[in-house]
Number of protein chains: 2
Amino acid sequence: MLTDRQLMILQVIIDDFIESAKPVGSRALSKKDTLPYSAATIRNEMADLEESGFLEKTHTSSGRVPSEKGYRYYVDHLIGPEIYQHGLGIIERLTNNGIYEFEQIVQTAAEALSKLTNYTSIILGPEMFEATVKQIQVLALSDQSAVAILVTNTGHVEHRSFTLPKGVSSSDLEKLVNILNDRLHGIPLYRIPEVIQNEVASLMMKYMNGLDSSLNWIRTLFTQEQAVKLYFGGKANILMQPEFNDVDRIRSFYSLMEREDEIVNLLKNSNQGIKVSIGHENEVEEIKDLSLITASYHIGGGQMGTIALIGPTRMEYKKVLSLMESISREMTGAMGKWYSDKS
Amino acid sequence: MLTDRQLMILQVIIDDFIESAKPVGSRALSKKDTLPYSAATIRNEMADLEESGFLEKTHTSSGRVPSEKGYRYYVDHLIGPEIYQHGLGIIERLTNNGIYEFEQIVQTAAEALSKLTNYTSIILGPEMFEATVKQIQVLALSDQSAVAILVTNTGHVEHRSFTLPKGVSSSDLEKLVNILNDRLHGIPLYRIPEVIQNEVASLMMKYMNGLDSSLNWIRTLFTQEQAVKLYFGGKANILMQPEFNDVDRIRSFYSLMEREDEIVNLLKNSNQGIKVSIGHENEVEEIKDLSLITASYHIGGGQMGTIALIGPTRMEYKKVLSLMESISREMTGAMGKWYSDKS
DNA sequence: ATTTAGCACTCAAAACATGAGAGTGCTAAC
DNA sequence: GTTAGCACTCTCATGTTTTGAGTGCTAAAT
């Protein structure tokens, strides 16, 4: 339904607008040597493109600006599989000495992503519900306090300090840790409270005394409250975008960024592969004039997190898409290598 | 050198401006019943106060605004020891079940602080150089990978994953961990690299073979790169302040917030007690028109961190100072209770 | 039957003008 | 010493004009 020439013009307009952020007019277009037509001709074509909904005007006598439909078409059909070279090997570089810390890798990846694109990046840490218990340890720090450490099969380490309940001797504690390790080893994190309730409780009754009051306490100790973590990169980048010249716009954006649970939801329901949500395609009010790109990464079998990038709808989709593609592949690759799933 | 009446007027002007953010004029002041003088009288006094440098005009015929000198005087002499009631017991509330996670406490404290004040809070995590090694553990995750865990006497847990160097058997690893625990127990973190170099190296030579190439690797594994962590609260709060109505102002602020090392420096050199830096008293360009309040907290013997609050010079010093006072005391108290220093 | 040149028209943004309002400084009276 | 009064100043909001980029349409050119 669109002629070749219209597609060409659409492409050039979008490319131009993505770069300049200014409405593009017929005169400027006719000067480009990719389009050997006069301004008037281009005007006609633009009028058609507007009628079909791919372009918009900001006011009656302004140049044209891509509509969301225009961007959508651009993303779906007008960008070829172009590979963005920079930024490859980011993660490899981080870990080439064989030593790594998960948090640091993810944080650096987020920063790199935002630096390379000048947009704001968000990485959702991996779901850990399915990770299983590898080992539990309790270490006394003093007479009154101790630290409990839990290591999962994926190499995650959770720890929590606590004051020792009265009347708990060190041998009690040792017994308790033995019971916990015995019963919880290999159990996925989300089942911990349940197992403690059903199995650990009775064993505690049997082999230890006076500890049943502590049961509730132990359950609390090993219950994860917030399962996923967010890593941000370049929160300030978005301020460089001319569409953020309005203080209220900035306010609303940053206020969203502080509501982490909403962000988690926003990123979570991303399925496999890369997903581009342009403007109103987003559910969340505050980013209905932005574009959100999400890509998932995987760790071993099934657990996963999401990499996301937020920027104006006028986003450098070409660059961004290929970059996200390669980073998510790299992350999946790197993680999979280390976190083997044998327990 | 200032008359009582001038002090009164100064105080009222500052209080008023702190609340309204608008230059305050003589007419409005004469209407308050704390000041039973006519506008003209007040005008004269204000002229004097301006001459002595406590007040400023934004332009020739505007109301007066406190100068930095004015704020300084206000903070030093004009606010009594007023106790801010809300927000007491924040930290107690967080830990009343005896279970706590350091990071979470600090983060929550930062958020509470910013919520109660509507400014941006920053908490500098404790210096850990002086904490000593309590225990080191290495846990194999698979044939190729393992996780190393280090617990300090203060209950901090550091962990790092790594791929096992080739030719390292599990018994080698066990020996290594034994050596490390033997030599490093009780050693402060900052001395770890040195001790590994001098003592561990020779022992490794003696009892294990083929591992000397891994020495460097072990040193890297146990070397802390970034010793302090920052916790932010209410980064978006500052946007609500009318002095942040300018996009460039916002940009510069957020760009500073991303340069964490600079922030660490800014907060670090705070000595005991509470310190107020008003406007140009700050060294850092980006906050020369803001006020920075810092207070230190302590953990057991000597290690410490800093609590900070950033807001416009037009800050509610009364409220903020008493709040910072009580929060830093609470943190010191709470931390000290748990992190006893016996190793 | 396209394409193009030309021209009238539109609108946003910048530049300029005007007036009201809040506030000051000064003088003279209280 | 305090206050009323008044001329003066500057900002801010509002209205007006100008400029320039861009369009849509028509008629001529290819």
Side-chain angles (χ1 to χ4, degrees), chain A residues 2-10 12-14 16-17 19-67 70 242-243 245-247 249, chain B residues 1-10 12-14 16-17 19-67 70 242-243 245-247:
Chain A
L2 288 182
T3 69
D4 279 0
R5 193 168 67 188
Q6 285 175 333
L7 288 186
M8 257 206 111
I9 292 178
L10 180 59
V12 175
I13 290 179
I14 297 186
D16 190 281
F17 183 70
E19 198 201 318
S20 71
K22 294 198 217 332
V24 1
S26 53
R27 252 185 74 79
L29 282 176
S30 78
K31 280 200 190 112
K32 308 215 171 191
D33 31 346
T34 17
L35 295 180
Y37 309 101
S38 79
T41 310
I42 292 177
R43 268 206 291 285
N44 288 328
E45 298 286 34
M46 289 204 294
D48 288 354
L49 281 167
E50 183 177 0
E51 204 162 352
S52 349
F54 294 99
L55 295 179
E56 278 170 358
K57 281 190 286 197
T58 61
H59 57 88
T60 31
S61 74
S62 73
R64 299 305 206 293
V65 153
S67 67
E243 23 279 275
N245 256 341
D246 172 42
V247 180
R249 189 65 203 80
Chain B
M1 85 236 215
L2 287 182
T3 69
D4 278 1
R5 193 167 68 187
Q6 285 175 333
L7 288 186
M8 257 207 111
I9 291 179
L10 180 58
V12 176
I13 289 178
I14 298 187
D16 190 283
F17 184 69
E19 199 201 318
S20 72
K22 291 197 220 328
V24 2
S26 54
R27 251 185 75 80
L29 281 177
S30 78
K31 280 201 190 111
K32 308 215 171 189
D33 30 346
T34 15
L35 295 179
Y37 309 100
S38 78
T41 310
I42 293 176
R43 268 205 290 285
N44 288 329
E45 298 287 34
M46 289 204 294
D48 289 354
L49 282 167
E50 183 176 359
E51 203 162 349
S52 344
F54 294 99
L55 294 180
E56 279 170 358
K57 281 190 286 197
T58 60
H59 56 87
T60 34
S61 74
S62 72
R64 300 302 206 294
V65 154
S67 68
E243 22 279 276
N245 255 342
D246 172 42
V247 181

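Reminder, nothing fancy here: chain letters follow the sequence lines and each chain counts from 1.
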Gap between atoms [atom1] and [atom2], on [X] and [N] respectively (whole Å):
X: A:Leu29; N: D:dA21; atom1: CG; atom2: P; result: 15 Å
X: A:Asp48; N: C:dT2; atom1: CG; atom2: C1'; result: 13 Å
X: A:Ile42; N: C:dT3; atom1: CD1; atom2: P; result: 11 Å
X: B:Glu56; N: C:dG23; atom1: CD; atom2: P; result: 18 Å
X: B:Asp16; N: C:dG23; atom1: CG; atom2: P; result: 11 Å
X: B:Asn245; N: D:dC12; atom1: CG; atom2: C1'; result: 15 Å
X: A:Asp4; N: C:dT2; atom1: CG; atom2: P; result: 15 Å

key: side-chain hydrogen bond (donor to acceptor under 3.5 Å, both in side chains) partner of A:Arg43, the single match among A:Ser26, A:Ser38, A:Ser30   =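 Result for side-chain hydrogen bond (donor to acceptor under 3.5 Å, both in side chains) with A:Arg43: A:Ser26.
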Atom CD of residue position A:Glu19 - does it have more than 12 heavy atoms of other residues, nucleotides or ligands inside 6.0 Å? no
(request) Verify the neighbour count for atom CG of A:Asp246: are there more than 12 heavy atoms of other residues, nucleotides or ligands below 6.0 Å? (result) yes
**Prompt:** Heavy atoms, side chains only, cut-off 4.5 Å: are B:Leu2 and B:Leu49 in contact?
**Reply:** yes
Separation between NZ (B:Lys22) and OG (B:Ser62), nearest 0.5 Å, reads 13.5 Å
Here the gap from B:Tyr37 atom OH to B:Arg5 atom CZ, rounded to the nearest 0.5 Å, amounts to 5.0 Å
Given protein heavy atoms under 4.0 Å, the one-letter contact record of nucleotides 22-28 of chain D, with B base, S sugar-phosphate only and - none, is simply BBBB---
Original post:
Want to settle it: does B:Ser38 or B:Thr58 sit nearer the 5' end of DNA chain D, counting the closest nucleotide to each?
Top reply: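 The 5'-side residue here is B:Ser38.
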* Relative to the 5' end of DNA chain D, which residue comes earlier, B:His59 or B:Tyr37, by the nucleotide with the nearest heavy atom? ->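 It is B:Tyr37, whose closest nucleotide lies nearer the 5' terminus.
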